[in-house]
Amino acid sequence: MQIVSVIPIARGISREELTYFTGEAVGPGAIVSVPLRGRTISALVTQVRAADELKLAVKKADYPLKKIIRVKHERFFTTSFMVAARQTADYAAATLGLTLKSLVPTKILEAKVTLRVAKESKDEPRAAGEKFVLQEPDDERQAYYKSLIRAEFAKHGSVFMCLPTVIDVTRAVASLERGISEYTIALHHQLSTRELTTAWQRALDLTHPILIIATPIFLSLPRTDIRAIIVDRENTQTYKSSARPFLDHRRFAEYLAEASEATFVLGDAVLRTETAYRADQGEIEPLATLKHHAASNATQTLIAVKKMPTTEFRVLSDELLITIAEVEKRNEKIFLFTHRRGLAPVVICQDCGATVECDNCEAPTVLHPAGMEEDGAETIFICHRCGARRSAAEKCRHCGGWRLLELGIGIDRVARELEEHFPRLRLFKLDSDSVRGGSVPGATIKRFLSTPGSVLLGTELALYYLKERIENVAIVALDSLFALPDYRINERVFGLLIRLRALTTKQFIIQTRNVRVRLFDQALKGNLLDFYRTEIAERKQYGYPPFQTFIKVALSGERAQVRLAMKTLADQLASYEPEVFPAFIPVISGEYRLHLLIKRRPNDWPEPALLEQLKSLPPAFVIDVDPDSLL
């Protein structure tokens, strides 16, 4: 019998290591199934010792050792992967087990078939991998990637191309597999378990260098000849996980490239400010001279929306209405972008000024058209935070007044106004509400592109599917984004505008009430360098990343208890000068939320003493390093 130490690969387990026994042959690096709290979980074997040597320790243990259920995979992870995973866990102030759970696809981890794993190669020592950035439009980046792939194949090295979404993976495969289709493998979560395990094993069995095009979680593929890791569309929020342990897969990819001595590339049409700053400081080299201007042959127009002389609020300006009429007459197509769902993002009482809020979480509710399930209701309030719904036929809950006023512009409001002005218009709508119930976004885009004289009205969701260039693009509404107290908001808006502008062949229009915002002029001119200089100066002035590393700790619960616990924690961490403040939406599902923020110089994190304190916190404290938002 052997005593085996394992790292649990599961959520909700605070202990870094557990102990079991087994009579099977098993070694460090194996994946095993173990019983824990009435369920079966996967675990990574870290140490195996003979039971004879540990009899005394076993007898003195205050709990009975349980038996490993079965050995699932032998030596599942590469050495480089484990090095990168430990670095990532420390950076995120998370347990290694939870980090592994977030870095390995569940379908592979729980596969009932035994996957053969490539052995560690003993190649001659490699030179340390270089790091590059690439700021180019989509088509130009693809050309550089093709050249890099050919070069690595010539040196008998494989390439991993990491992309944020399944749609991106599908498009990249179509673009890059030409001539090497038999050596190109796509991996993503929409594959069935059988398809995925087959593709995974094929990727390990092929002796020829391969091109792996996949979403971030498949960086765990234990292929030992990967000589280049490309992270494309790096200025995308989806690379940062939205649940514990809030890993940044771009950072993990970089750690993995370092441990593997592989070339590392970060690419996008507009790089993150942090990435551009690293290139500016010489920390990371340009793969090609950074493009500081986004070219466009389209006419660029800024429409200043003025207050209407009448009391009736209008969404579409006269200039935009004229443009839509001309587009319809010329049988062209136009994409109208608006940021928010529903009819109105905010509803207030004109008598007392109170905002209509959700009953559950006190977040502002959004006014929506009623669905088929709401009998007799014309409009309903929906909370986008928790999903609660109720009829909008109500009085102000603070003063009892009837004068509720709709503020802001939602996609359904735009749709209603379009139908009023253009009753025969061929209108397609694409947002997260319209794709429910089995509707396929790609099919909507296909119908739009094949219909002359049509209009596509969409939120940011449409951009994931709309890649073909069209004649006209107009921004109907995104001013509400600037109201968010988020230090990354300018970068988000600018990147969004550049992506929309790149889709346009004839007219690019921005309709706004904030014409003095410098960012709009920079976007219309495609001036990437001027935007970067403005943004990095502001970040330096206010001590935002990349000049500081933010560590956010959140706690939810009963108001008095949360305040006391956060005060205690702030006192314990007093030497780090923490700031405590309420969340932007302070109550969700009846629970009060507080945040604690610690700022460290980038080179000071992870700091061993602080890391140890954070890792020792109870699970109720939620830690997010480099949060996308401080809200």
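FYI, side chains are in, hydrogens and waters are out, and symmetry mates aren't considered; it's all heavy atoms of this structure.
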Engineer: Output, in order, the C-alpha distance, side-chain angles, deciding distance and verdict of side chain to side chain contact (heavy atoms under 4.5 Å, CB included) for Val173 and Leu176.
Structural biologist: CA-CA 5 Å; Val173 169; Leu176 298 175; over 6 Å; no
Engineer: What pairs of residues pass the salt bridge (Lys or Arg N to Asp or Glu O under 4.0 Å) test when at least one of them lies in residues 534-551, not counting sequence neighbours?
Structural biologist: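 Residue pairs passing salt bridge (Lys or Arg N to Asp or Glu O under 4.0 Å), neighbours aside: Glu274-Arg539, Glu491-Arg539, Glu535-Arg539.
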Engineer: Verify the ring-centre separation between Tyr144 and Phe132: is it less than 6.0 angstrom?
Structural biologist: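 No, they do not, as the ring centres are separated by 6.0 Å or more.
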Engineer: Would you call Thr236 and Tyr239 a side-chain contact if the rule is heavy atoms closer than 4.5 Å?
Structural biologist: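 When only atoms from C-beta onward are counted, Tyr239 and Thr236 do touch, with a gap below 4.5 Å.
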Engineer: Rounded to the nearest 0.5 Å, what separates atom CG in Asn235 from atom CD in Gln135?
Structural biologist: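 With rounding to 0.5 Å, CG (Asn235) is 9.5 Å from CD (Gln135).
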Engineer: Do Arg340 and Thr459 have side-chain heavy atoms sitting under 4.5 Å apart?
Structural biologist: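 When only atoms from C-beta onward are counted, Thr459 and Arg340 do not touch, as no gap falls below 4.5 Å.
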Engineer: Are there more than 12 heavy atoms of other residues, nucleotides or ligands under 6.0 Å from atom CD of Gln281?
Structural biologist: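 Counting other residues, nucleotides and ligands, CD of Gln281 exceeds 12 neighbours.
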Engineer: Less than 4.0 Å between a side-chain N and a carboxylate O, is that true for Arg171 and Glu177?
Structural biologist: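 Between Arg171 and Glu177 there is no salt bridge, as every charged N stays at least 4.0 Å from the carboxylate O atoms.
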Engineer: Side chains of Thr299 and Gln507: any donor to acceptor distance under 3.5 Å?
Structural biologist: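 Result is no, nothing qualifies.
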Engineer: In sequence, state the C-alpha distance, the side-chain angles, and the governing distance for Glu136 and Lys291, and then conclude on salt bridge (Lys or Arg N to Asp or Glu O under 4.0 Å).
Structural biologist: CA-CA 6 Å; Glu136 295 278 348; Lys291 187 161 285 186; 3.1 Å; yes
Engineer: To the nearest 0.5 Å, what is the distance between CG on Leu569 and CD on Gln613?
Structural biologist: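 Atom-to-atom, Leu569:CG and Gln613:CD are 8.5 Å apart.
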Engineer: Are Arg518 and Asp521 ion-paired here, with the side-chain N under 4.0 Å from a carboxylate O?
Structural biologist: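 No, no charged N to carboxylate O under 4.0 Å.
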Engineer: Apply the test salt bridge (Lys or Arg N to Asp or Glu O under 4.0 Å) to residues Glu285 and Lys131: give CA-CA distance (whole Å), side-chain angles for both, the deciding distance (0.1 Å), then the verdict.
Structural biologist: CA-CA 6 Å; Glu285 294 294 323; Lys131 297 181 182 181; over 6 Å; no
Engineer: Walk me through it: do Leu219 and Leu103 pass the test side chain to side chain contact (heavy atoms under 4.5 Å, CB included)?
Structural biologist: CA-CA 8 Å; Leu219 284 162; Leu103 292 174; over 6 Å; no
Engineer: Side chain to side chain contact (heavy atoms under 4.5 Å, CB included) with Ile551: which of Ile598, Leu611, Leu596?
Structural biologist: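 Among the candidates, only Ile598 passes.
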Engineer: Would you indicate whether the side-chain heavy atoms of Ser241 and Ser102 approach each other to under 4.5 Å?
Structural biologist: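 No. Closest side-chain heavy atoms not under 4.5 Å.
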Engineer: Would you check if Ile212 and Val159 make a side-chain contact, meaning some heavy-atom pair closer than 4.5 Å?
Structural biologist: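 Answer no - side chains too far apart.
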Engineer: Measure the spacing between CD of Gln142 and OG of Ser147 and express it to the nearest 0.5 Å.
Structural biologist: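 The OG atom of Ser147 is 13.0 Å from CD of Gln142, to the nearest 0.5 Å.
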Engineer: Could you walk me through whether Glu16 and Thr95 pass the side-chain hydrogen bond (donor to acceptor under 3.5 Å, both in side chains) check?
Structural biologist: CA-CA 6 Å; Glu16 285 275 8; Thr95 64; 5.1 Å; no
Engineer: Could you walk me through whether Ser80 and Glu258 pass the side chain to side chain contact (heavy atoms under 4.5 Å, CB included) check?
Structural biologist: CA-CA 8 Å; Ser80 298; Glu258 289 174 357; over 6 Å; no
Engineer: Apply side-chain hydrogen bond (donor to acceptor under 3.5 Å, both in side chains) to residues Gln522 and Asp530 and explain how you reach the verdict.
Structural biologist: CA-CA 7 Å; Gln522 293 165 336; Asp530 191 32; 3.2 Å; yes
Engineer: Can the ring centres of Phe581 and His595 be said to be less than 6.0 Å apart?
Structural biologist: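 Yes - the distance between ring centres of Phe581 and His595 falls below the 6.0 Å cut-off.
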Engineer: With a sphere of 6.0 Å drawn around CG of Asn297, does it hold more than 12 non-hydrogen atoms of other residues, nucleotides or ligands?
Structural biologist: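 Atom CG in Asn297 is not packed in, count stays at 12 or less.
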Engineer: Tell me whether the count of non-hydrogen atoms from other residues, nucleotides or ligands lying under 6.0 Å of CD in Glu468 goes above 12.
Structural biologist: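 Check passes, neighbour count above 12.
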Engineer: Would you say the rings of His188 and Phe218 are close, in the sense that their centroids are separated by under 6.0 Å?
Structural biologist: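 Distance test on ring centres: not under 6.0 Å, no.
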Engineer: Which atoms form the tightest heavy-atom contact between Lys107 and His189, and what is the distance?
Structural biologist: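 Minimum heavy-atom separation between Lys107 and His189: NZ-O, 3.0 Å.
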Engineer: Between atom CZ of Phe246 and atom CD1 of Ile623, what is the distance when rounded to the nearest 0.5 Å?
Structural biologist: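 Phe246 CZ to Ile623 CD1: 10.0 Å, rounded to 0.5 Å.
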Engineer: Evaluate the side-chain proximity of Thr273 to Tyr544: yes if any heavy-atom separation is below 4.5 Å, no if none is.
Structural biologist: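 No, too far: nothing below the 4.5 Å cut-off.
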Engineer: When Arg233 is tested against each of Asp168, Asp138, Thr165, Asp268 for side-chain hydrogen bond (donor to acceptor under 3.5 Å, both in side chains), which residue passes?
Structural biologist: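 Among Asp168, Asp138, Thr165, Asp268, the one that satisfies the side-chain hydrogen bond (donor to acceptor under 3.5 Å, both in side chains) with Arg233 is Asp168.
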Engineer: Could you check whether the rings of Phe153 and His208 sit parallel, tilted or perpendicular, using 30° and 60° as the cut-offs?
Structural biologist: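 Perpendicular, since the angle between the ring planes exceeds 60°.
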Engineer: Determine which pairs satisfy salt bridge (Lys or Arg N to Asp or Glu O under 4.0 Å) with at least one residue from residues 619-631, sequence neighbours left out, and list them in order.
Structural biologist: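 Listed once each, the pairs are Lys240-Asp624, Arg251-Asp626, Arg488-Asp628.
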Engineer: Looking at Arg469 and Ala502, what are the two nearest heavy atoms and their distance?
Structural biologist: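 Closest heavy-atom pair between Arg469 and Ala502: NE-O, 3.1 Å.
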Engineer: Tell me the closest heavy-atom pair linking Ala186 and Leu191, and the distance in Å.
Structural biologist: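 Residues Ala186 and Leu191, closest heavy atoms: O-CD1, 3.7 Å.
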Engineer: So which atom in Ala620 and which in Leu555 form the shortest heavy-atom distance, rounded to 0.1 Å?
Structural biologist: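 Heavy-atom minimum between the residues: O-CD1, 3.5 Å.
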Engineer: Any salt bridge linking Arg227 with Glu152? Criterion: basic side-chain nitrogen under 4.0 Å from a carboxylate oxygen.
Structural biologist: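 No salt bridge links Arg227 with Glu152.
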Engineer: Answer yes or no: is there a side-chain heavy-atom contact under 4.5 Å between Thr184 and Ile210?
Structural biologist: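 Thr184 vs Ile210: side chains apart.
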Engineer: Using a strict cut-off of less than 4.0 Å between a Lys/Arg side-chain nitrogen and an Asp/Glu carboxylate oxygen, indicate whether Glu579 and Lys599 qualify as a salt bridge.
Structural biologist: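 Yes, Glu579 and Lys599 are salt-bridged.
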Engineer: With no hydrogens and no angle check, do the side chains of Arg501 and Gln300 hold a donor and an acceptor under 3.5 Å apart?
Structural biologist: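 Result is yes, a qualifying pair exists.
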Engineer: Nearest 0.5 Å, please: how far is CG in Leu430 from CG in Leu463?
Structural biologist: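 Answer for the CG-CG pair, Leu463 versus Leu430, is 9.5 Å.
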Engineer: Between Asp90 and Arg86, is the closest basic N to carboxylate O distance under 4.0 Å?
Structural biologist: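 Not counted as a salt bridge, because no side-chain N and carboxylate O are separated by less than 4.0 Å.
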Engineer: Step by step, work out the ring-ring contact (aromatic ring centres under 6.0 Å, His included) result for Phe520 and Phe494.
Structural biologist: CA-CA 8 Å; Phe520 289 134; Phe494 184 76; over 10 Å; no
Engineer: Go through it in stages, so that I can follow the logic: the residues are Asp486 and Leu630, the test is side chain to side chain contact (heavy atoms under 4.5 Å, CB included), and I'd like the CA-CA distance, side-chain angles, deciding distance and then a yes or no.
Structural biologist: CA-CA 7 Å; Asp486 183 349; Leu630 299 181; over 6 Å; no
Engineer: If every non-hydrogen atom of Gln190 is compared with every non-hydrogen atom of Val166, which pair is closest and at what distance?
Structural biologist: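 Smallest interatomic distance, heavy atoms only, reads OE1-CG1, 3.7 Å.
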Engineer: Classify the ring geometry between Phe77 and Phe81 as parallel (under 30°), tilted (30 to 60°) or perpendicular (over 60°).
Structural biologist: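 Aromatic pair Phe77/Phe81 classed parallel.
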Engineer: Out of curiosity, Ile475 CD1 to Leu496 CG, how far, rounded to the nearest 0.5 Å?
Structural biologist: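 Here the rounded value is 6.5 Å.
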Engineer: What about Tyr91 and Phe252, are their ring centers closer than 6.0 Å?
Structural biologist: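 Aromatic pair excluded; centres sit 6.0 Å or further apart.
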Engineer: Does a donor on one side chain and an acceptor on the other come within less than 3.5 Å for Asp280 and Tyr532?
Structural biologist: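 Yes - a donor-acceptor pair under 3.5 Å links their side chains.
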Engineer: Decide whether Asp232 and Tyr145 meet the rule of one side-chain donor and one side-chain acceptor closer than 3.5 Å.
Structural biologist: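 Yes - a donor-acceptor pair under 3.5 Å links their side chains.
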Engineer: Any side-chain heavy atom of Met82 within less than 4.5 Å of one from Leu96?
Structural biologist: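 Met82 vs Leu96: side chains touch.
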Engineer: Is there side-chain contact between Thr549 and Asp604, with heavy atoms separated by less than 4.5 Å?
Structural biologist: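 Of all side-chain heavy-atom pairs linking Asp604 with Thr549, none is under 4.5 Å.
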Engineer: When you check the gap from the basic side-chain N to the acidic O, do Asp225 and Arg223 get nearer than 4.0 Å?
Structural biologist: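 Result for this pair is yes, salt bridge flagged.
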